[in-house]
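Lettering of chains follows the sequences in order, A, B, ..., and the numbering in each one begins at 1. Small disclaimer: the values here were computed from a predicted structure and weren't measured.
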Amino acid sequence: EAGVAQSPRYKIIEKRQSVAFWCNPISGHATLYWYQQILGQGPKLLIQFQNNGVVDDSQLPKDRFSAERLKGVDSTLKIQPAKLEDSAVYLCASSFDSGRETQYFGPGTRLLVL
Amino acid sequence: GENVEQHPSTLSVQEGDSAVIKCTYSDSASNYFPWYKQELGKRPQLIIDIRSNVGEKKDQRIAVTLNKTAKHFSLHITETQPEDSAVYFCAAYGSSNTGKLIFGQGTTLQVKP
């Protein structure tokens with residue numbers, strides 16, 4: 001089966017600019033996650049969707065980050081305006097359902113903010 | 001809040017030796033513990049997982065043990081090979097049923113040929 005797809009793979013922007021990431025989960029997976037992975041650390045959950053509804057966005061910096069999953073399939077994560085500390089890999093993952101289900105990760109988008 | 005501590009942060013072993021990575025978690029309600037392997041520049045990939053109704057699980061050269069009383073779980077890799085070199089992350093589900101994974105800080109394993 002096809003895996004989780006993400007684009008772009010790399011992005012370099014200047015601080016205060018905006019950027020958007022796209023994720024296409026595994027077909028049939030109802031739950032989609034966005035993680036931020038700072039160099040040398042484990043992934044940190046930013047937001048979790050169940051179909052097109054938000055389940056958990058407690059660690060999403062809502063003053064600059066936004067995410068949507070309008071039709072319950074693809075998702076976009078946006079940062080506006082970006083800060084230097086946003087430099088990280090943004091990983092998208094999906095699972096068949098929420099709860100104790102295996103999460104499958106995409107290749108990630110590596111963001112560098114200058 | 002929910003927390004997962006992972007040790008050591010780096011581990012270097014000779015090919016053929018065993019490697020052990022240990023994690024502790026804070027949420028006593030956690031009941032699912034996956035381990036992910038992440039090679040440089042690649043996505044995290046699930047290598048083994050364990051649920052709280054089981055004390056040990058094995059898959060070829062990889063095994064995971066869980067001690068719920070002490071709230072810690074460990075990854076054991078036997079007969080290590082150079083291709084085992086990667087960053088390994090433990091994780092635990094938080095107490096809610098929504099599937100929020102809390103990751104450890106990662107262990108960089110280097111297997112020397």
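With values rounded to the nearest 0.5 angstrom, A/E101 atom CD is found 8.0 Å from B/Y32 atom OH. With values rounded to the nearest 0.5 angstrom, B/K100 atom NZ is found 6.5 Å from A/L45 atom CG. Of the inter-residue distances, the one linking A/Y35 atom OH with B/L101 atom CG reads 4.5 Å to the nearest 0.5 angstrom.
Note: the hydrophobic cluster containing B/V54 also contains B/F33 (ILVMFWY, side chain heavy atoms under 4.5 Å, direct or indirect links). Under a hydrophobic clustering in which Ile, Leu, Val, Met, Phe, Trp and Tyr are joined whenever their side-chain heavy atoms come within less than 4.5 Å, directly or via other members, A/W22 and A/I79 fall into different clusters. A/I38 and A/L84 sit in two unconnected hydrophobic clusters of ILVMFWY residues. Membership requires side-chain heavy atoms under 4.5 Å apart, directly or through other members. Linking Ile, Leu, Val, Met, Phe, Trp and Tyr whenever their side-chain heavy atoms come within less than 4.5 Å leaves A/V19 and A/Y10 in two separate clusters. Following chains of ILVMFWY side-chain contacts shorter than 4.5 Å, one cannot reach B/Y25 starting from B/Y93, and the two form parts of different hydrophobic clusters.
Within residues 7-20 of chain B, no residue has a heavy atom under 4.5 Å from a heavy atom of chain A. Within residues 38-50 of chain B, the residues having any heavy atom closer than 4.5 Å to a heavy atom of chain A are B/Q38, B/G41, B/R43, B/P44, B/L46, B/D49, listed by residue number.
In the displayed structure, A/K71 atom NZ is contacted under 6.0 Å by at most 12 heavy atoms of other residues, nucleotides or ligands. Few gaps surround CD on A/E85; more than 12 heavy atoms of other groups in view lie less than 6.0 Å from it. A 6.0 Å sphere centred on CD of B/E79 holds no more than 12 heavy atoms belonging to other residues, nucleotides or ligands.
Looking at A/Q37, the atoms closer than 4.5 Å to chain B (heavy atoms on both sides) all sit in the side chain, from C-beta outward.
Most heavy-atom pairs under 4.5 Å with chain A, from the set B/Y36, B/F89, B/F103: that is B/F103.
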